[in-house]
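Input: a single structure, listed below in structure tokens.
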Amino acid sequence: MLEERGNARGEPGSEDRSVTGEPERGGPFQMAGERLVPFSGMERILIGLDADQCVAVTTTEGPVLVVAGPGSGKTRVLTHRVAYLIGSGRARPWQIVAVTFTNKAAREIRERLGGLLGTESAQLVQAGTFHSLCVRILRRDGYRIGLEPAFTIYDEEDQLALVKQALRDLGLDPQRFSPRMLLGRLSRAKNDQHSPSDLQSMAQSYWDEVAARVYERYAQYLQRAQAVDFDDLLLRTVELFTEYPDVLAHYQDRWRYLQVDEYQDTNRLQYQLVRQLASGHRNLCVVGDPDQSIYSWRQADIRNILEFQRDFPDATVIRLGRNYRSTPQIVAAADAVIRVNRQRIERPLWTENPPGPPIRLLACWDEQQEAEMVVSEIDRLVRTGNARYRDIAVLYRINAQSRSVEEALVRRQIPYQVIGGVRFYERKEIKDALALLRVLVNPRDWLSLRRVLSETAFGRGIGEKTLLQLEQWGQRQQCSPADVLLLLVEEREEAPALAAATVRRLRELGGELVRLRAAMVEHPASQLFDLALERSGLAARYRDASDPTERERWENLVQLRSVLERYDTVPAAEGLPLFLEEAALVAAIDEAEMSGDQVTLLTLHAAKGLEFPVVFLIGVEEGLLPHARALESEAELEEERRLFYVGITRAKERLYLSYCSSRNRFGLRERCLPSHFLDDLPPDVVEAGSRASERVPRVAPPAGGHAGPVESSAPVVPRLRAGQRVFHPAFGDGFVVAVREQAGDQEVTVQFKRHGTKTLLASLAKLVVEE
DNA sequence: CCGTTCGAATTTTTT
DNA sequence: ATTCGAACGG
């Protein structure tokens with residue numbers, strides 16, 4: 001995001017400069033390096049690509065669909081395609097758009113492109129997420145649909161606050177109408193391009209009715225605050241293009257070649273946007289993998305990829321099935337798992353890579369032991385020189401799972417980073433400071449003003465009542481509460497019927513805001529930040545606190561300031577909006593630090609598009625993967641399986657899958673069963689003796705009703721399987737970690753609760769199977 | 001109007 | 001276990 005500052009507004013001026021500044025053929029390819037015979041541009045760009053990849057790179061005109069399996073060189077194709085477009089003279093860098101799923105992916109494409117073409121060209125290519133692209137469009141042209149360039153972007157917390165406010169206005173109980181659920185409905189409505197009145201007329205139930213009325217108020221609030229939510233960024237851009245064909249024409253003319261990555265996870269609005277932008281030249285290349293579609297809960301619509309050929313009948317379809325990333329064992333496991341899905345186009349996936357170690361299953365007591373096993377294996381791999389910390393990732397379904405692993409890593413003093421979780425920009429103190437800056441940039445943002453009033457000393461003496469007065473008063477004057485404050489300072493307005501002391505406070509506050517806004521024009525962002533923090537009392541509150549957690553919050557604010565400093569080359573009035581945009585649109589993964597040598601912990605969702613030599617996928621249990629909340633429908637279950645597939649395919653060489661037999665949830669211990677997804681792993685790619693299937697009797701999959709949950713026979717010497725709980729007369733309770741078949745007998749490795757791990761012969765050990 | 005305290009829900013994934 | 005809202009006392 002940062003590196004786009006120079007041309008973020010997309011003014012024509014920057015284009016003109018670069019037309020003359022664009023190096024001629026040969027210039028970008030001087031890096032061809034040690035070769036004696038200089039490459040022509042094309043050779044350098046196409047070298048090392050396989051036949052299919054080559055077609056994907058060189059089919060530049062017209063619609064192209066690239067169905068790319070995991071590890072098939074998707075990013076490589078995308079990057080080389082852009083390089084080819086430029087190198088061949090078909091397009092100038094700024095005429096090319098590469099839409100990525102995260103800012104990090106955009107950054108990576110630009111970096112790789114820099115290696116192929118030189119950084120100047122690479123910087124001019126328009127690479128970013130749908131959302132950041134839309135921000136740029138709306139900042140420039142949004143005024144046409146009533147959006148000032150200083151508009152604020154609301155995050156989910158802000159959205160929830162608005163929904164709750166709307167519910168309060170309507171006299172409805174937020175307990176009865178879950179704001180979260182309502183927000184989901186609004187998001188769906190927006191993605192279907194339904195207006196509040198559409199929703200109203202389609203309403204089938206009281207709930208629908210409520211949703212429609214909440215939506216109406218919600219939209220009003222956004223407009224009044226000159227704010228947009230994530231969906232609006234897309235929706236309002238589509239609106240802009242629909243209502244102002246000349247604006248659309250401008251972008252169609254400018255952006256002649258469109259590339260869309262992770263196409264399987266686009267939603268209908270994004271598709272609409274793509275169609276609008278591509279409808280003139282039709283140079284549209286989408287790259288995706290239906291098997292890796294894992295964002296349907298965010299309205300991603302798999303139809304976008306499945307129906308691409310219907311919408312673009314002349315599309316060239318290219319399939320990349322060869323995996324360059326993983327060992328044959330990992331590829332075979334992934335293929336076997338994904339094959340079970342019924343809603344799927346069958347597709348080959350193979351690799352020529354040399355075999356690696358088998359996939360290992362780790363059966364554990366609980367998450368503490370799971371973490372121990374993972375961490376000691378990490379330690380072993382690093383000690384034996386099989387991996388560096390940075391080669392290793394621990395993947396999980398939900399963020400809460402990182403905790404036990406973190407604790408174990410801290411105990412062993414192993415460096416690590418957690419991606420996601422409570423994100424930096426979502427911390428309370430950060431949001432307080434951001435609210436302050438938002439109000440200065442966009443005084444109409446009353447939600448942020450409200451936050452400033454309730455969370456900082458600026459609000460001392462001003463409570464809910466007064467704020468309500470301000471709002472009502474503002475509405476009568478057709479202006480925002482902050483405007484009212486400004487008017488009060490100028491004494492151009494009679495004060496509302498409030499106590500004299502309150503009016504004095506309001507005037508004071510108005511004065512503070514006026515001064516800070518004036519400072520914004522003269523000082524760089526970081527200085528304004530200091531000033532705002534001092535004046536609002538936020539600085540004193542955190543900096544001078546004795547409570548260590550409060551002091552930690554101060555550290556975070558200091559860190560925030562250092563981010564702001566990157567915008568200090570221009571006055572805050574210009575720099576702040578860009579900074580606020582970055583703050584609103586950073587993805588969890590964007591914050592990943594890839595330079596240090598540390599283990600990476602992240603969710604399966606965040607791991608999309610990444611690869612690691614060593615992957616631990618933990619918590620492969622029923623209820624977790626698949627998640628208990630995703631068992632409503634076959635479609636949801638299939639998405640969970642795709643998630644598992646995504647996890648498996650992140651691994652290049654070593655893959656470990658772990659599960660527990662009990663786990664703490666909501667403070668209580670709960671029993672867990674291994675995920676039935678494990679049953680689909682081919683036996684020959686999993687380490688012998690650690691097979692999970694056939695082991696624990698289980699409830700049948702939802703469609704088939706319930707199977708008998710009890711094993712049929714109970715032999716005198718029980719047949720043991722990994723994962724079983726056992727009791728030993730001397731060692732007590734234990735857990736079967738592994739079983740090795742041994743000429744009519746079994747050699748069992750048992751982890752005892754009290755006595756550590758022992759390897760025993762089943763015929764002699766008098767083990768009793770529990771349950 | 002402000003701060004504290006208690007009770008309750010809450011967690012699936014995130015631009 | 002944490003966080004959010006309601007309720008209460010200052």
Side-chain angles (χ1 to χ4, degrees), chain A residues 1 99-106 128-135 153-157 159-161 164 167-168 173-175 178-180 183-184 187 191 228-234 262 265-267 269-270 293-300 395-404 419-423 425-428 453-455 457 459-468 498-499 501-502 505 549 581-591 602-608 619 623-632 636 639-640 642-644 646-647 664-668:
Chain A
M1 199 106 304
V99 185
T100 55
F101 198 69
T102 62
N103 298 300
K104 180 165 172 282
T129 63
F130 274 107
H131 292 86
S132 63
L133 224 50
C134 287
V135 170
I153 302 165
Y154 278 175
D155 65 15
E156 192 174 355
E157 190 187 337
Q159 292 180 277
L160 280 171
K164 284 176 192 167
L167 281 171
R168 267 197 298 275
D173 180 13
Q175 306 281 302
S178 139
R180 262 217 148 65
L183 210 51
S187 181
N191 268 281
V228 294
D229 62 23
F230 289 130
D231 293 317
D232 277 353
L233 285 172
L234 309 170
E262 305 286 7
D265 282 319
T266 52
N267 62 35
L269 280 176
Q270 290 167 332
S293 163
I294 54 175
Y295 278 93
S296 71
W297 48 274
R298 219 171 71 188
Q299 324 298 333
L395 271 48
Y396 36 80
R397 179 64 176 84
I398 65 172
N399 282 308
Q401 288 175 265
S402 73
R403 193 183 182 128
S404 52
I419 309 291
V422 182
R423 293 212 294 275
Y425 288 108
E426 288 169 2
R427 290 164 204 262
K428 185 180 167 302
L453 293 182
S454 64
E455 302 295 333
R460 187 159 304 151
I462 303 168
E464 199 58 39
K465 274 266 166 60
T466 312
L467 188 62
L468 195 69
L498 288 166
T502 312
R505 272 296 303 135
T549 56
E581 173 188 329
E582 181 190 347
L585 296 183
V586 279
I589 193 71
D590 294 336
E591 302 184 67
L602 71 179
T603 63
L604 289 165
H605 283 90
K608 188 174 78 156
L624 213 45
L625 186 66
H627 195 273
R629 299 224 171 183
L631 299 172
E632 301 271 303
E636 281 178 313
E639 181 149 318
E640 294 293 305
R642 290 196 293 272
L643 212 40
F644 186 41
V646 167
N664 262 16
R665 232 168 126 156
F666 307 124
L668 287 172

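Residue numbers start from 1 in every chain, and the chains themselves are labelled A, B, ... in the order their sequence lines are given, proteins ahead of strands.
The CG atom of A:D229 sits 14 Å away from the C1' atom of B:dT14 (whole-angstrom rounding). In this structure, A:Q159 atom CD and B:dT15 atom P are separated by 13 Å, rounded to whole Å. Taking atom CD of residue A:E157 and atom P of nucleotide C:dT3, one finds them 12 Å apart after rounding to whole Å. Separating the OH atom of A:Y425 from the C1' atom of B:dT15 is a distance of 15 Å, rounded to the nearest angstrom. Separating the CZ atom of A:R180 from the C1' atom of B:dT14 is a distance of 11 Å, rounded to the nearest angstrom. What separates CZ of A:R642 from P of B:dT13 is a distance of 18 Å, to the nearest Å. Rounded to whole angstrom, the span from the NE2 atom of A:H627 across to the C1' atom of B:dT11 amounts to 7 Å. The interatomic distance linking A:K608 (NZ) with B:dT14 (C1') rounds to 11 Å, in whole Å.
Across the interface with DNA chain B, nearest-nucleotide mapping of A:R629 and A:I462 shows A:I462 to be the residue nearer the 5′ end. Annotation: of the two residues near DNA chain B, A:E636 and A:L453, the 5′-most nearest-nucleotide partner is A:L453.
Shown here are the side chain to side chain donor-acceptor pair (under 3.5 Å) partners of A:D265, two or more places apart in sequence or in another chain: A:K608.
Remark: the separation of the C1' atoms in B:dT13 and C:dC4 is 22 Å, to the nearest Å. Rounded to the nearest Å, the gap between the C1' atom of C:dA6 and that of B:dT11 is 23 Å.
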Q.
Could you walk me through whether A:N267 and A:R298 satisfy the side-chain contact (heavy atoms from CB on, under 4.5 Å) test, starting with their C-alpha distance in whole Å, then the side-chain angles of each, then the deciding distance to 0.1 Å, before giving a yes or no?
A. CA-CA 8 Å; A:N267 62 35; A:R298 219 171 71 188; over 6 Å; no
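Panel note: side chain A:Q270, backbone A:L234; no donor-acceptor pair is recorded below 3.5 Å. Judged purely by atom type and a 3.5 angstrom limit, A:H131 has no side-chain atom pairing as donor or acceptor with the backbone of A:L233. With hydrogens and angles disregarded, no donor-acceptor distance shorter than 3.5 Å links the side chain of A:D155 to the backbone of A:E426.
A:I294 comes within contact range of no nucleotide atom at all, as no heavy-atom separation falls under 4.0 Å. Within the 4.0 angstrom heavy-atom criterion, only backbone atoms of the sugar-phosphate kind lie near A:G459; the bases stay farther away.
Atom CZ of A:R505 has more than 12 neighbouring heavy atoms from other residues, nucleotides or ligands inside a 6.0 Å radius. Counting heavy atoms of neighbouring residues, nucleotides and ligands inside a 6.0 Å radius, atom CZ of A:R460 does not exceed 12 of them.
In this structure, A:N399 does not reach the B:dT11 phosphate: none of its side-chain N or O atoms is under 4.0 Å from OP1 or OP2. The side chain of A:T603 places an N or O atom within less than 4.0 Å of a non-bridging phosphate oxygen (OP1 or OP2) of B:dT14.
Distances from the side chain of A:F230 to the nucleotides B:dT14, B:dT15, B:dT11 place B:dT15 closest.
A salt bridge is defined here as a Lys NZ or Arg NE, NH1 or NH2 lying under 4.0 Å from an Asp or Glu carboxylate O, and A:R180 with A:E156 meets this definition.
Once rounded to the nearest 0.5 Å, the distance linking CG of A:D231 with OG of A:S187 reads 3.5 Å.
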Give me, pair by pair, the N or O atoms of the protein and of nucleotides 3-6 of chain B that are less than 3.5 Å apart, along with how far apart they are.
none

Every protein N/O within reach of nucleotides 5-10 of chain C N/O, cut-off under 3.5 Å:
| residue | atom | partner | partner atom | Å |
| --- | --- | --- | --- | --- |
| C:dG5 | OP1 | A:K164 | NZ | 2.8 |

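The aromatic rings of A:F101 and A:Y295 are tilted relative to each other, their planes meeting at an angle between 30° and 60°.
Evaluation of A:F130 against the base of B:dT15 yields no stacking contact (centre distance < 5.5 Å, interplanar angle < 30° required).
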